[in-house]
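Structure record follows, encoded as structure tokens.
Here is how names work: the chains are called A, B, and so on, in the same order as the sequence lines, proteins then strands, and each is numbered from 1. Everything numeric here is computed off the predicted structure, so don't read it as measured data.
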Protein chains: 2
Amino acid sequence: MPKNPAQCQFVVALDSIVGKWKPMILYHLLQGQPLRFNELRRLLPDITQRMLTLHLRELEEEEIVKRVVYPQIPPKVEYSITEYGKSLSPILEALHQWGLAHVQRKQLHKGNNEQTETD
Amino acid sequence: MPKNPAQCQFVVALDSIVGKWKPMILYHLLQGQPLRFNELRRLLPDITQRMLTLHLRELEEEEIVKRVVYPQIPPKVEYSITEYGKSLSPILEALHQWGLAHVQRKQLHKGNNEQTETD
DNA sequence: CCGCATCCCGACCGATACTG
DNA sequence: CAGTATCGGTCGGGATGCGG
């Protein structure tokens, strides 16, 4: 981490990851399999087409995700993680690990407080 | 990373890190020095008191940041990173590294496109 | 010095309907 | 099947002013 605040670039990385659905989209794509639009929709039960499209476009823009259109009827579009996109994997992994520990920690505190807190 | 999507916890971690100013607050606090409220304000030139307070409260809530009040006139409050909060350091670091590579990558592409793109 | 309360705006996201 | 267009709600966050 640089001593000079101006050179901090976590925000850049966060911009690529953040968004209500981006982490989950990336998660599924990082499994390796290319996925069609509607396959992704099924995997993200609560996402709307709109949001899926928008987030995929952003990820595509940053070359984290590759979009392949098969010119046929009915249309077929496949999304896959790029080699570059795979470089995000360790970060997601680290985030996941920390998140896991964090929820467990919260659970513990909750348990402890339920005895002392009479409010 | 778990095979089961339901167990993914990056979102939890992201919640703790995300917010317009949280990464920068954490960055400054991770330097080790406890900082007073107005010191943080000076370090984050564009933040409003409101936002600084809110974000600090959230970080305090999750025990990432410790708040110490010195009962004196004029008031003095010091914020510091907790031991637990320090566990975020590797993540911020990884995020920073990736962000750095990402901006450089973008720079390159921009340079390449400026010759081919006549739009 | 530190912080809360209020008002307000714009971005993000959801719902729905329509198209090639 | 894979999108685009439009409308509207919600909410993070900015500006300002007051209080201990």
What closest approach, in Å, do B/Pro34 and B/Glu78 show between heavy atoms, and which atom pair accounts for it? CB-OE1, 3.7 Å
Closest nucleotide of DNA chain D for A/Glu78 versus for B/Ile47: which of these residues is on the 5' side? A/Glu78
Closest-nucleotide ordering on DNA chain C, the 5'-leading residue of A/Leu54 and A/Gln49: A/Leu54
Within-4.5 Å side-chain heavy-atom neighbours: A/His96 and A/Leu100: yes
Solution key, residues 9-24 of chain B side-chain donor-acceptor pairs under 3.5 Å, sequence neighbours excluded:
unit_1  : atom_1 : unit_2  : atom_2 : d
B/Ser16 : OG     : B/Val12 : O      : 3.4
B/Ser16 : OG     : B/Glu62 : OE1    : 2.6
B/Lys22 : NZ     : B/Asp15 : O      : 3.3
B/Lys22 : NZ     : B/Glu58 : OE1    : 2.7

What are the 5'-most and 3'-most nucleotides of DNA chain D lying under 4.0 Å from any heavy atom of chain A? D/dC1 to D/dT6
Which ones in residues 30-42 of chain B lie close to DNA chain D, meaning a heavy atom under 4.0 Å from one of its atoms? none
Given side chain to side chain contact (heavy atoms under 4.5 Å, CB included), test A/Lys66 with A/Tyr84 step by step and report yes or no. CA-CA 10 Å; A/Lys66 189 173 56 184; A/Tyr84 180 57; over 6 Å; no
Between B/Glu39 and B/Gln33, is the side chain to side chain contact (heavy atoms under 4.5 Å, CB included) condition met? List the steps. CA-CA 11 Å; B/Glu39 285 179 320; B/Gln33 283 263 343; over 6 Å; no
One should read off an interatomic distance between B/Lys86 NZ and B/Leu92 CG, to the nearest 0.5 angstrom, of 14.0 Å
Taking all non-hydrogen atoms of both residues into account, name the closest pair between A/Arg67 and A/Tyr79 and its distance. NE-OH, 3.2 Å
Check whether any side-chain heavy atom of B/Leu29 sits under 4.5 Å from a side-chain heavy atom of B/Leu40, and report yes or no. yes
Heavy atoms only, 4.0 Å cut-off, all strands: where does A/Tyr79 land among base, sugar-phosphate and nothing? sugar-phosphate
B/His55 NE2 to B/Leu26 CG distance, which is reported to the nearest 0.5 Å: 10.0 Å
Given axes from five pairs at either end, by how many degrees does the helix from C/dC1-D/dG20 to C/dG20-D/dC1 bend, rounded to 10°? 40°
Within-4.5 Å side-chain heavy-atom neighbours: A/Ile81 and A/Ile64: yes
Could you give the start and end, 5' to 3', of the contact zone on DNA chain C for chain A, using atoms under 4.0 Å from its heavy atoms? C/dC13 to C/dG20
Quick check for you: to the nearest 0.5 Å, what is the distance between B/Met1 atom CE and A/Leu30 atom CG? 5.0 Å
Rounded to the nearest 0.5 Å, what's the gap from SG on B/Cys8 to NZ on B/Lys3? Could you check? 11.0 Å
First encountered from the 5' end of DNA chain C, between B/Arg50 and B/Val69: B/Val69
Pairs of donor and acceptor atoms involving the side chains of residues 41-54 of chain B, under 3.5 Å and at least two apart or interchain, shall be tabulated with distances.
unit_1  : atom_1 : unit_2  : atom_2 : d
B/Thr48 : OG1    : B/Met51 : N      : 3.3
B/Thr53 : OG1    : B/Gln49 : O      : 2.8

